[in-house]
Each structure stands twice: as structure tokens, then as C-alpha cells.
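Written out below as C-alpha cells is the structure these notes cover.
Only heavy atoms go into these numbers, but all of them, side chains included; no hydrogens, no water, no symmetry mates. When a ligand or atom number is given, it counts from 1 through the structure's own listing order. Small disclaimer: the values here were computed from a predicted structure and weren't measured.
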Amino acid sequence: MTMVMRVALVGAGRFGALHLHAFRSLPVEVAAVCEPDGERRAAVQEEFGIPAGYGSLDELLERESVDLVDVVSDESTHGELVLKAVEAGCHVFVEKPLSMDPAEAGRIRDRTRARGVQVVTGQISRFGAGYQHLRDVLDRGELGRPVNLRFRRDFSRSWFPAFGRRVHPVWESGVHDIDLAVWYAGAPCREVYAVQRRVSGLEYPDTLVAVLTFANDVVATVESAWLVPDAAPQTLRGSLELDGTIDAVTELLGDRGTAAYRLAHDGLSVRTDTALAQPELTLWPTVAGRVSGALAAELGYAVEVAAGTRGNDVIPLDEAVEGIRIAAAVQRSAEQGVRVTLGT
Ligand SMILES: NC(=O)c1ccc[n+]([C@@H]2O[C@H](COP(=O)([O-])OP(=O)(O)OC[C@H]3O[C@@H](n4cnc5c(N)ncnc54)[C@H](O)[C@@H]3O)[C@@H](O)[C@H]2O)c1
């Protein structure tokens, strides 16, 4: 008999709803939802037939028996919610970032080991075929010794008001490429220098440039700007509240070869009198009526890891913790205008 895993969703916002769509094609039962906004909670319970709803995770964990807790709430709440779920003996899938505090991320790693559960961080790019291909090319030595890793990830300016008052962009867009840098560099980061600008005048900066130096001398540049104008080709359409653009380019330079990947490209285009769209098909495309792509792959992976049918080898917790250590250093460097050295 196939085991059906009992899942609790924590945070039923834009992305939480997408997770619920993706769960439809996985061997899980979404048994409960935790969402402080009562209207939102009731709406997803009805749409997805979720029997139980709670306003807090404490209450949910007290009353429900679930195998996997799926944390999709605001970035600043992740660490505390993950620790609660781990202490309750649940496996966890947590959207990026794992935490916004390196010390807390370290505690999560330690408590996860002590409790004998699994925590999978939603570093979605590791489940994108293009990014995986780059990793394979590096592993096969086709580029020789990696020298420079370049990452650029730009987002629609019209999306920024939703994030510019909520969280520093290193925890929103930056963590994707910091994680890829960790994955491709294959060594600990030793030094970070970052510069930021507040073009929009909101609380947090909308442009960020960071230089990361790794222990094996690999240098990575991570750039992110929330300045893509509305006239740019739309790459995300119909899946989140607001359509817009993610323009992400990765380049790997080795001493024997180079490789590059662009997340969205002109292989698919839709033209009308008022708009040009070039929808990207890597992250969460709908195929045969189901959310698929990297999002479904990472949630399916988390279910397998939680079931014990595979190890957490795609995004080991140590590497997720290293990403948090780097992201915190990037924020400190950019805010204080200092070079940050990272110890062993
Ligand atoms: N992997 C990706 O590419 C990707 C894309 C979009 C969002 N995300 C991540 O998904 C997460 C959610 O983003 P979103 O855009 O859906 O945000 P959102 O604001 O639409 O939703 C967050 C929800 O969490 C709820 N919430 C807040 N505190 C909570 C708590 N303590 N317990 C339970 N629920 C709580 C809020 O009420 C809200 O409904 C973020 O971590 C974000 O970084 C990842």
C-alpha cells in the first residue's frame, strides 16, 4: 500500500496557494492549514478541501498529527516556525530562506539532527533542469577549474512595492543566486563585499551587487535589481497575483570553457497589440492541468526525503545554512559599507 503523507501548509498567501496546486499531483493529503488571515484561510480550505484550519502553528501542532510541515509564510517567520515543527518531530519543507539569522540556521541544523527529522529548503533553482545541467557540466570537468561565477537576477519594478517594505532583497532574490554560487563553487565562502542603492525610496534597497570569494579562490558576482520596466517581455503570467518579469542569467567561467543559462528566453513568445510575453517554463509551468516544473519537483523531492526513500542530497542542510551565513554577510556589508570576512 502506498503511504499517503499528511501535510500541513503554513502560510496561505500567493506562493502557498501555488504549493497547494502542486500538491494535487503528489501522494499527500493536505490535512491542515495554518494562516492568521481568517478570510484567506477559509478560502483555501474551501478551494482545496482542507479539513482543518488554524491561526497559529502552536495550535495546529497541538491538535493535529502531521508528517510534513510546509512553511510558506513571510521570510522573517521561517526560522521560528521551522524550529517549532522540528521540535514537534515533523519533517519540514521551508521556502527560501531557511532563516534570516545564521545562528538560528545553525540551531535548526543541530535540532534537526537531534530530533532525527529532515528539513528541506526550497532552493528551487537546484530543481531547474538548466541549472542542474550547469552543475553536471562542472562535475564532468568540461569547463576545467571554475574561476568566475556570474549571476544576475532582475525583477519587475512593479513587484517591488510588495517587497520593498517587507524584507531586504538579499533574502528575496539574492538567496537564489547565493545558493547557486554555493552549489557551483563547492567550497566555503571566505569574504563578502556588497553595495546597495535605494532607487525607489522604499525602506529596503532595490539594487544590490555582491562579490563573494570562496576558499578555493572562485569568485562569484551576484547582482539583483528590481527595476525591470513594464514594457519588458513578461516571463511570469497567470500564476501569481501580478504578471511581470524575472530576467535571470547565469554564466560560469572555467580555465578550459564557459557555460551560460538564461532562465527565460525567446523560445516561446506571445505577441499582442499591447504586450510581448516570453513565458518561462522552468519554475512552475502548468502541464496537463497540474503545476509542474521545478516547484513540483522540489516538493516531490521533500515528500520522498520525508518518507525516507531518498537522502537529502540535493540541498543538504549544511549548504542551506552556508547560504544563510553568506546572505547575512551580504546584508551587513551592503548596509555598513564594509568587507566581511567569514571564518571557518
Ligand atoms: N521559490 C520562489 O521562487 C518563490 C517565489 C515566491 C515566493 N517565495 C517564498 O514564499 C514565501 C511566501 O511568499 P508569498 O509571496 O506567498 O507571500 P504572501 O505575503 O503572499 O504570503 C505569506 C502568507 O503567510 C502568512 N503568515 C505570516 N506569518 C505567518 C505565521 N506566523 N504563520 C502562518 N502564516 C503566516 C501571511 O498571512 C500570508 O498569507 C516567502 O518565503 C517567499 O520568499 C518563493
Side-chain angles (χ1 to χ4, degrees), residues 8-22 32-45 50 52-61 64 69-85 92-100 120-128 131 153-156 159-180 204 224 226 235-236 239-248 263-264 280 282-285 291 293-299 301-302 315 320 323-324 327:
L9 180 89
V10 181
R14 290 172 289 239
F15 218 54
L18 209 55
H19 278 216
L20 290 173
H21 279 288
V33 59
C34 164
E35 166 59 57
D37 181 324
E39 235 173 83
R40 211 171 278 179
R41 185 170 69 234
V44 297
Q45 279 191 258
I50 305 170
Y54 299 92
S56 83
L57 181 59
D58 289 325
E59 212 185 332
L60 185 153
L61 292 171
E64 299 287 332
V69 171
D70 178 24
V71 178
V72 202
S73 50
D74 303 47
E75 296 76 10
S76 64
T77 64
H78 289 186
E80 190 188 340
L81 295 169
V82 172
L83 275 170
K84 280 185 181 170
V92 176
F93 177 88
V94 51
E95 264 305 333
K96 50 81 184 168
L98 170 64
S99 160
M100 286 174 55
V120 173
T121 307
Q123 295 297 164
I124 194 167
S125 303
R126 294 196 187 208
F127 297 86
Y131 294 112
R153 191 169 299 258
D154 297 336
F155 290 77
S156 286
W159 286 343
F160 195 63
F163 295 99
R165 294 181 188 92
R166 165 163 154 171
V167 69
H168 191 285
V170 73
W171 303 107
E172 191 51 55
S173 47
V175 284
H176 287 295
D177 290 319
I178 288 172
D179 178 64
L180 286 173
Y204 290 107
S224 179
W226 295 67
T235 66
L236 273 191
S239 55
L240 300 175
E241 268 166 22
L242 204 56
D243 294 344
T245 304
I246 302 178
D247 183 13
L263 182 64
E280 77 81 28
T282 297
L283 298 176
W284 43 82
V291 169
L295 180 64
E298 67 175 350
L299 290 173
Y301 166 82
I315 171 72
I324 300 310

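- Distance check: I124 CD1 to E298 CD gives 4.5 Å after rounding to the nearest 0.5 Å.
- Here F127 has no heavy atoms under 4.0 Å from ligand 1, in either its backbone or its side chain.
- Judged by distance alone, with hydrogens and angles left aside, the side-chain atoms of E35 form a donor-acceptor pair with the main-chain N or O of A12 at under 3.5 Å.
- Here NE2 of H168 is found 9.5 Å from OG of S173. Values are rounded to the nearest 0.5 Å.
- Under 4.0 Å from ligand 1, not a single heavy atom of Q123 appears.
- Those atoms of ligand 1 that come under 4.0 Å of a heavy atom in H78, given as number and element, are 41 (O).
- Taking any N or O of F15, backbone or side chain, at least one lies under 3.5 Å from an N or O belonging to ligand 1.
- Summary of contacts: the protein heavy atom closest to atom 22 (C) of ligand 1 is D74 OD1, 3.5 Å.
- Here CZ of F15 is found 12.0 Å from CG of L20. Values are rounded to the nearest 0.5 Å.
- Here atom 42 (C) of ligand 1 lies nearest to E75 when heavy atoms of E75, E95, K84 are compared.
- Proximity of a side-chain donor or acceptor of R153 to a complementary backbone N or O of S224 within less than 3.5 Å is not detected.
- Note: no N/O pair closer than 3.5 Å links W171 and ligand 1 by distance alone.
- The protein heavy-atom contact nearest to atom 30 (C) of ligand 1 is L81 CD1, 4.1 Å.
- Looking only at distances, no side-chain donor or acceptor of H78 sits under 3.5 Å from a matching main-chain atom of M100.
- For atom 21 (O) of ligand 1, the nearest non-hydrogen atom of the protein is G13 CA, 3.3 Å.
- Ligand 1 has no nitrogen or oxygen under 3.5 angstrom from a nitrogen or oxygen of T77.
- For ligand 1, the polar-atom distance check against E35 finds a nitrogen or oxygen pair separated by under 3.5 Å.
- Of the N or O atoms in D37, none lie within a sub-3.5 Å distance of an N or O in ligand 1.
- Nearest protein heavy-atom contact of atom 11 (C) of ligand 1 is S73 O, 3.4 Å.
- For the pair V33/Q45, a side-chain contact is recorded, criterion being any heavy-atom separation below 4.5 Å from C-beta on.
- At most 12 non-hydrogen atoms from other residues, nucleotides or ligands lie less than 6.0 angstrom from CD of E80.
- With a 4.5 Å cut-off on side-chain heavy atoms, L295 and H19 count as touching.
- Side-chain atoms of S56 come within 3.5 Å of backbone atoms of E59 as a donor-acceptor pair (strictly under, hydrogens ignored).
- Heavy-atom proximity to V10, at under 4.0 Å, picks out these atoms of ligand 1: 32 (N), 33 (C).
- Those atoms of ligand 1 with a heavy atom of I124 less than 4.0 angstrom away are 1 (N).
- Contacts between R40 and ligand 1, counted as non-hydrogen atom pairs separated by less than 4.0 Å, involve the side chain only.
- Counting only heavy atoms of the protein, atom 17 (O) of ligand 1 lies nearest to R166 NH2, 3.2 Å.
- For E80, the heavy-atom gap to ligand 1 stays at 4.0 angstrom or more.
- Between I50 atom CD1 and C34 atom SG the span is 11.5 Å, to the nearest 0.5 Å.
- With hydrogens and angles ignored, the 3.5 Å screen pairs a side-chain donor or acceptor of S156 with a backbone N or O of T245.
- Among protein heavy atoms, the minimum distance from atom 20 (O) of ligand 1 is reached at R14 N, 2.9 Å.
- For the residue pair E172/Y204, the side-chain donor-acceptor check at 3.5 Å is not satisfied.
- Comparing P36, C34, S56 against atom 35 (C) of ligand 1, the shortest heavy-atom distance belongs to P36.
- Looking only at protein heavy atoms, the nearest one to atom 12 (C) of ligand 1 is V72 O, 3.2 Å.
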